[in-house]
A.B. asks: 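What follows is a single structure, and I will ask about it in a moment.
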Amino acid sequence: SLLPDAEVIYVVSEIIQEFPGLETTNYTVYLNHTSLLTALLKHCSVPQEHFSVVCAIIHDVTMGRQRWTAAKLRLYQLSITELAVQSMQQYLSAAGSLETMRECLEPLCRDRGPVGMMTNVALHELETVVSHLNVFGIKQNILIDLGVTQNALSYFSGVLFSFACRPDGRGRRTRTDVLASGGRYDSLLSSLASPASVDLHGATAVASAAGVSIALDKVVSVQQLSDSVPSLCEVLICCVGRSTLLHERMSVARDLWAAGISADIYNAKETQSIEELVEHCRSRSINHLVILKDRAYNETGTVKVRSFECERRIVDKLVQVSELVEYLQSKRESPDIGPVTSTPRQTPYGESSSGVPPVNVTIVPSQSDKLPSHIKRRYQSLALIKVVPLAHKLGIKPPMQLLALDLPKNVLQDLRSHLDLSSEAAELKAGLASLCEKHSKHRKYLHRVFESIHDLMDSKKVQVIFLYSCRDEVCDVLF
């Protein structure tokens, strides 16, 4: 199955999308296949004993470490003819969509020997992976590139991929920063497996796995250019007093992690005041600050929990360490928690002291079950980041209505084009019916969205409703 290959690629795409600072960066998913690469080398009459060396040379060119002029000299030293090198360069310079590469590789596909068979099999598998990625709704552009050759024939056996960043967007050969690369690691696993490995039926076990290597340092370095820092941390654990209570804080963190509560241990070298820690939490959308005081902790086994609620309210409560997990879990479901905001700042609106214009956010979950509070806060924060600049650009003043929807971008755009708030009820229903016919797999959910829109129109005189896609993190306007 090629589903694991697509799942790994989609996971990387989701990781990248978790960083707002990377959202506007131009990422492309480059796909290749070991069979396609082998077929190309055979077509260019490269001796099999030189496959690994040639792949390394191609990789250096693709990464911008070496120009083709120098690479050709290295290839000539391997007794590869000038005509074969020119043919190889032509194919390697033709990165494009699956349809484009199918046309480009037509001479290989027509071959009646192993080259043709490997090329057709590889293109079919790449087509399957691209189809899976389209179903997942991956946001990055997808190109087939025979230059993706990282340890191709040593580690991999099947699909190869890399996520490449082009900072200036001037074309494929400017990409020098690969954020992630991976593929099907069957060859590597086979080389490490024991010769006597068998499955439950006594047959020789065939190891198979898809994986990825992510350059987290590069992701962080790009993210540092952004003013916003994404955080899924709910609780920050710190201490006050002469003792660091490090082991005690670690124990608290362990218990929270075991309960599924994301927590971090504050471990800065310089001691900071409680006010500075509160601002640290606000700037990173952390909902709770757990404060350990050496005397109170040692004598009574209590900690102070400082929670940041709506409208910048702060609530303090002394809690027994043994009851901390239960207390924080109950706060998760509290409607008074978040979304927390950073230091007040001037905005184009000025109505709110916290710097956030009054926007009524309604989240329409894909399931009937209620969303956890921390998920709701995350969607609200991301939606506001998109809506506020758009509202200012359009000259729309608060109060504003926003629907956060579990729909992809294309369905959101069709929703906007099919529904008109100024239309009569019959016209709205006709627009809904047309929309459901076009996007039948979202039929039930679209009816729920329509009900939410209808409720807003009945309860409040609204002329504009903002629509936000929680999947693709884009915003549109329904007039």
A.B. asks: With a 4.5 Å heavy-atom cut-off, do Ile314 and Val278 have their side chains touching?
C.D. replies: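 SC-SC contact between Ile314 and Val278 confirmed.
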A.B. asks: Please report the shortest heavy-atom distance between His288 and Ser307, naming the atom on each side.
C.D. replies: ND1-OG, 2.8 Å
A.B. asks: Do any N or O atoms from the side chain of Asp186 and from the backbone of Ala209 form a donor-acceptor pair under 3.5 angstrom?
C.D. replies: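 Answer holds: yes.
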A.B. asks: Are Thr244 and Arg249 close enough, and set up right, to give a side chain to side chain contact (heavy atoms under 4.5 Å, CB included), and what steps lead you there?
C.D. replies: CA-CA 9 Å; Thr244 61; Arg249 285 185 288 152; 4.2 Å; yes
A.B. asks: Rounded to the nearest 0.5 Å, what separation is found between the CG atom of Leu126 and the OG atom of Ser131?
C.D. replies: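 These two atoms lie 12.5 Å from each other.
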A.B. asks: Take Ile291 and Leu289 through the side chain to side chain contact (heavy atoms under 4.5 Å, CB included) test and state the conclusion after the steps.
C.D. replies: CA-CA 6 Å; Ile291 306 170; Leu289 180 64; 3.9 Å; yes
A.B. asks: Please answer whether the main-chain N or O of Pro408 pairs with a side-chain N or O of Asp472 as donor and acceptor at a distance below 3.5 Å.
C.D. replies: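 Checked: no pair found.
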A.B. asks: Does some side-chain heavy atom of Ser469 sit less than 4.5 Å from a side-chain heavy atom of Leu405?
C.D. replies: no
A.B. asks: Do the non-hydrogen side-chain atoms of Ile9 and Phe161 ever get within less than 4.5 Å of each other?
C.D. replies: yes
A.B. asks: Taking the side chain as C-beta and beyond, is there a heavy-atom pair between Arg471 and Leu407 under 4.5 Å?
C.D. replies: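 When only atoms from C-beta onward are counted, Leu407 and Arg471 do not touch, as no gap falls below 4.5 Å.
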A.B. asks: Is there a side chain to side chain contact (heavy atoms under 4.5 Å, CB included) between Lys304 and Leu292? Walk through the geometry before answering.
C.D. replies: CA-CA 7 Å; Lys304 177 183 285 188; Leu292 279 68; over 6 Å; no
A.B. asks: Taking all non-hydrogen atoms of both residues into account, name the closest pair between Gln320 and Gly301 and its distance.
C.D. replies: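 Minimum heavy-atom contact is OE1-O, 3.3 Å.
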A.B. asks: Taking Asn141's backbone N and O only, do any of them form a donor-acceptor pair with Thr28's side chain (distance below 3.5 Å, no angle check)?
C.D. replies: no
A.B. asks: Is it true that a side-chain atom of Arg184 and a backbone atom of His33 form a donor plus acceptor pair closer than 3.5 Å?
C.D. replies: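 No.
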A.B. asks: For Val212 versus Ala180, what's the shortest heavy-atom pair and its separation?
C.D. replies: CG2-CB, 4.0 Å
A.B. asks: Roughly how far, to the nearest 0.5 Å, is CG of Leu143 from CG of Leu98?
C.D. replies: 10.5 Å
A.B. asks: Check whether any side-chain N or O of Tyr468 sits under 3.5 Å from a backbone N or O of Asp476 as a donor-acceptor pair, and report yes or no.
C.D. replies: no
A.B. asks: Quick check for you: to the nearest 0.5 Å, what is the distance between Leu415 atom CG and Leu446 atom CG?
C.D. replies: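 Nearest 0.5 Å value for the CG-CG distance: 7.0 Å.
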A.B. asks: Look up atom CG in Leu3 and atom OG1 in Thr128, then write down how far apart they are to the nearest 0.5 Å.
C.D. replies: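 That separation rounds to 11.0 Å.
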A.B. asks: State, to 0.1 Å, how close Glu234 and Ile261 come at their nearest heavy-atom pair, and which atoms those are.
C.D. replies: OE2-CA, 4.0 Å
A.B. asks: Does the pair Val235 and Leu256 meet the rule for a side chain to side chain contact (heavy atoms under 4.5 Å, CB included), with working shown?
C.D. replies: CA-CA 9 Å; Val235 181; Leu256 295 180; 4.0 Å; yes
A.B. asks: Quick check: closest heavy atoms across Cys470 and Ala404, and the distance to 0.1 Å?
C.D. replies: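 Reported closest heavy-atom pair: SG-CB, 3.8 Å.
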A.B. asks: Is the number of heavy atoms from other residues, nucleotides or ligands under 6.0 Å of Glu326 CD greater than 12?
C.D. replies: no
A.B. asks: Roughly how far apart are Ile237 CD1 and Glu248 CD, rounded to 0.5 Å?
C.D. replies: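 So the gap between those two atoms works out to 12.0 Å.
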A.B. asks: Quick one: sort the Tyr185 and Phe156 rings into parallel, tilted or perpendicular, breaks at 30° and 60°.
C.D. replies: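 The arrangement is tilted - the two ring planes meet at 30° to 60°.
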A.B. asks: How far does CG of Leu36 sit from CD1 of Ile144, to the nearest 0.5 angstrom?
C.D. replies: 8.5 Å
A.B. asks: Please check if the side chain of Thr149 supplies one atom and the backbone of Cys55 the other of a donor-acceptor pair under 3.5 Å.
C.D. replies: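 Yes, Thr149 side chain to Cys55 backbone: donor-acceptor pair under 3.5 Å.
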A.B. asks: Between Ser251 and His247 (side chain of the first, backbone of the second, donor and acceptor by atom type, cut-off under 3.5 Å), is there such a pair?
C.D. replies: yes
A.B. asks: Which of these passes side chain to side chain contact (heavy atoms under 4.5 Å, CB included) with Ser13: Leu133, Val8, Ile138, Val29?
C.D. replies: Ile138
A.B. asks: Quick one: does Leu31's side chain get under 4.5 Å of Leu160's, heavy atoms only?
C.D. replies: no
A.B. asks: For a 4.5 angstrom cut-off between non-hydrogen side-chain atoms, does Leu328 reach Val305?
C.D. replies: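 Yes; the side chains approach each other to less than 4.5 Å.
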A.B. asks: Can you confirm if the aromatic rings of Tyr266 and His280 lie within a centre distance of less than 6.0 Å?
C.D. replies: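 Centroid separation for His280 and Tyr266: below 6.0 Å.
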A.B. asks: With a 3.5 Å distance limit and no angle check, can you tell me whether Ser434 reaches the backbone of Ala430 through a side-chain donor-acceptor pair?
C.D. replies: no
A.B. asks: Is there a donor-acceptor contact under 3.5 Å from the side chain of Ser440 to the main chain of Glu437?
C.D. replies: no
A.B. asks: Grab the two heavy atoms, one from Leu92 and one from Gly147, that are nearest each other, plus how far apart they are.
C.D. replies: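 Scanning both residues completely, I find the closest heavy atoms to be CD2-N, 4.0 Å.
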A.B. asks: Is any side-chain heavy atom of His439 closer than 4.5 Å to one of Asn410?
C.D. replies: yes
A.B. asks: Does Ser262 offer a backbone N or O that forms a donor-acceptor pair with the side chain of Trp257 under 3.5 Å?
C.D. replies: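 Side chain of Trp257 to backbone of Ser262, a donor-acceptor pair under 3.5 Å: no, none is there.
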A.B. asks: Ring pair (Phe, Tyr, Trp, His ring centres under 6.0 Å) with Tyr297: which residues, sequence neighbours excluded?
C.D. replies: none
A.B. asks: Given side chains that start at C-beta, do those of Asp414 and Leu412 come closer than 4.5 Å, heavy atoms only?
C.D. replies: no
